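Quick notes on the structure that follows.
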Amino acid sequence: MKRIFSRILSGIQPSGQLHLGNYAGAIRQFIELQHEYEMYIFVASYHALTSSRDPEALRQSSRQVVIDYLAFGLDPKKVNIYLQQDVPGVTELAWLLSCVCPKHLMDKATSYKDKVAKGLNATVGLYTYPILQAADILSVNADMVPIGEDQVQHMEITRDLAQKFNHIYGEVFKLPSYRLQEGAGVVPGIDGRKMSKSYGNTIDPFLPEKKLRKTIMKIVTDSTSVEDSKDPAACTVYQIFSAIAGSQDPRTTALAERYRAGGMGYGQAKQDLFELILEHFADARERREGLMADPGYVDQVLRDGAAAAGKQVAQMVQRAREAVGL
Ligand code: ADP
Ligand code: TRP
């Protein structure tokens, strides 16, 4: 198969414990791509400062995201994993980009308005968030960025900024493309809305068994009785099952059959989902235990990742500095 992209970058904000939505929508794709491409996956801790006010929680969840990336199956021999603050050239580039960024480009960014509407502080950092994101991407000269749908506008802004910079100073940046998570859709949370840290409706696949089961049993379902035929597509339990096992997996199609046939209660479907999660994440759960007990290894992964990313970033920042006359 012909390789279209060679270098991939993506990041995730350490704003809380990762959940099944993050896994199905983002991380699973990273794990698949790592075998084919040069990858840079980082923890967007500077971005998280637009919402975090708790230093200890930020430190903890930044580290936890790395541990969980590794537990889910990112292989540090193949992927450069780093914390945003360990590659400070990125923020320098963000400044250079902000000096060519027309203000109206930020004014039209919808994520700022959405986040302020959700209650985040209306800070300058939140307002210029997309410029820092562009710097993340352009500073490693990434060809492609796997993202969720909510990030499309940020990618367009990234391309606009690269173009704007190139137009003024000559060809420094290539225009990165992006890829939406194929077929992942939006994984619903236990209340049926989009699974999201900010809704408190997530399922953490690393929960201890008892708590995991309890969380799954709380998934909201309708009041169709056990005997009646049920529509799998309308049920949150089935949707989550399908997102993890895959919609074409025989276990998923068999579950759909049992929904339609009637005679199966939602409690049974939940039990099936619980067992699926334990099975699907058995290796990840075990690896995580080991990683939690080996902080030295995690430190080493982060040092190696920052060194590799730092090399790319230093080159790009140098080119950008020269281009602007520094
Ligand atoms: P959250 O909404 O929990 O704060 P983020 O916005 O940090 O999650 O998302 C991180 C990544 O996970 C993004 O690529 C996003 O598209 C993906 N993602 C988050 N929630 C879901 C979901 N419910 N279904 C599918 N993908 C999701
Ligand atoms: N804004 C992204 C999110 O909320 C996180 C992010 C920061 C990112 N920088 C990035 C994603 C660069 C991809 C590339 O999910």
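The shown structure was predicted, so the numbers you read here are calculated from the model rather than taken from an experiment. Both counts, for ligands and for their atoms, begin at 1 and track the order of listing. Residue numbers run from 1 in the order of the sequence given. The basis for the numbers below is simple: all heavy atoms, side chains too, and nothing from hydrogens, waters or symmetry mates.
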Write down the atom of Leu93, the atom of Ala135, and the distance for their closest heavy-atom approach.
CD2-O, 3.9 Å
Would you tell me whether His47 and Gln133 have side-chain atoms, one donor and one acceptor, within less than 3.5 Å of each other?
no
Which one of Thr202, Val187, Asn201 has a non-hydrogen atom at the shortest distance from atom 24 (N) of ligand 1?
Val187
Looking at Glu275 and Arg251, does any basic side-chain N land under 4.0 Å from a carboxylate oxygen?
no
Do any heavy atoms of Gln13 fall under 4.0 Å from ligand 1?
no
Applying the 4.5 Å side-chain criterion to the ILVMFWY set and letting contacts propagate, would Leu326 and Phe165 be lumped into a single cluster?
yes
So, 4.0 Å and heavy atoms of His19: is ligand 1 close enough to count as a contact?
yes
Within-4.5 Å side-chain heavy-atom neighbours: His35 and Lys78
yes
Using a 4.0 Å heavy-atom cut-off, say whether Phe42 meets ligand 2 through its side chain, its backbone, both or neither.
side chain
If every non-hydrogen atom of Ala309 is compared with every non-hydrogen atom of Val87, which pair is closest and at what distance?
CB-CG2, 4.1 Å
Of the side chain and backbone of Asp150, name the one, both, or neither that has a heavy atom under 4.0 Å from an atom of ligand 1.
side chain
So for ligand 1, is Glu149 a polar contact partner (N or O within less than 3.5 Å, distance only)?
no
Does Lys230 make a cation-pi contact with Tyr238, if we ask for NZ or CZ under 6.0 Å from the ring centre and within 45° of the axis?
no
Can you tell me which residue and heavy atom of the protein come closest to atom 5 (C) of ligand 2, and the distance to 0.1 Å?
Gly11 O, 3.7 Å
Check ligand 2 against Val145 and write out every atom of the ligand that is under 4.0 Å from a heavy-atom position of the residue.
13 (C), 14 (C)
Using a heavy-atom cut-off of under 4.0 Å, does the side chain or the backbone of Asp150 touch ligand 2, or both, or neither?
neither
Determine yes or no for a side-chain-to-main-chain donor-acceptor pair under 3.5 angstrom, with Asn166 supplying the side chain and Val172 the backbone.
yes
Of all the non-hydrogen atoms in the protein, which one sits nearest to atom 2 (C) of ligand 2, and at what distance?
Gln151 OE1, 3.4 Å
Here the atoms of ligand 2 under 4.0 Å from any heavy atom belonging to Leu9 are 12 (C), 14 (C)
The closest protein heavy-atom partner of atom 8 (C) of ligand 2 is Gln133 NE2, 3.5 Å
Taking only heavy atoms of Ala44, which atoms of ligand 2 are found under 4.0 Å from at least one of them?
7 (C)
Mind listing the closest non-hydrogen atom pair of Gly89 and Val317 along with its distance?
O-CG2, 3.5 Å
Does NZ or CZ of Lys118 come closer than 6.0 Å to the centre of the six-membered ring of Tyr199, within 45° of the ring's axis?
yes
Going by ring pair (Phe, Tyr, Trp, His ring centres under 6.0 Å), Tyr23 matches just one of Phe72, Tyr69, Phe30. Which one?
Phe72
Is there a polar contact, in the sense of an N or O pair closer than 3.5 Å, between Ser15 and ligand 1?
no
Residue Gly148 vicinity, atoms of ligand 1 by number, heavy atom under 4.0 Å
14 (O), 16 (O)
Examine the proximity of ligand 1 to Ala26 and report which part, side chain or backbone, both or neither, has a heavy atom under 4.0 Å away.
side chain
Mind checking whether Asn22 contacts ligand 1 via backbone (N, CA, C, O), side chain (CB onward), both or neither, at a 4.0 Å heavy-atom cut-off?
both
Short N/O distance, under 3.5 Å, between Met195 and ligand 1?
yes
Nearest option to atom 4 (O) of ligand 2, as decided by whichever heavy atom of Tyr40, Tyr46, Tyr129, Tyr178 sits closest
Tyr129
Look at Arg319 together with Glu322 and state whether they make a salt bridge at an N to O cut-off of under 4.0 Å.
no
Are Val100 and His167 side-chain neighbours, meaning at least one heavy-atom pair lies under 4.5 Å?
no
For atom 9 (N) of ligand 2, the closest protein heavy atom turns out to be Asp136 OD2, 2.8 Å
Atoms of ligand 1, numbered as shown, that sit under 4.0 Å from any heavy atom of Val186
24 (N)
Can you name the atoms of ligand 2, numbered from 1 with element, that are less than 4.0 Å from a heavy atom of Gln13?
4 (O)
Answer whether the closest heavy-atom distance between the side chains of Tyr178 and Glu156 falls below 4.5 Å.
yes
Of Gly16, Gly21, Ala24, which has the heavy atom at the shortest distance from atom 18 (N) of ligand 1?
Gly21
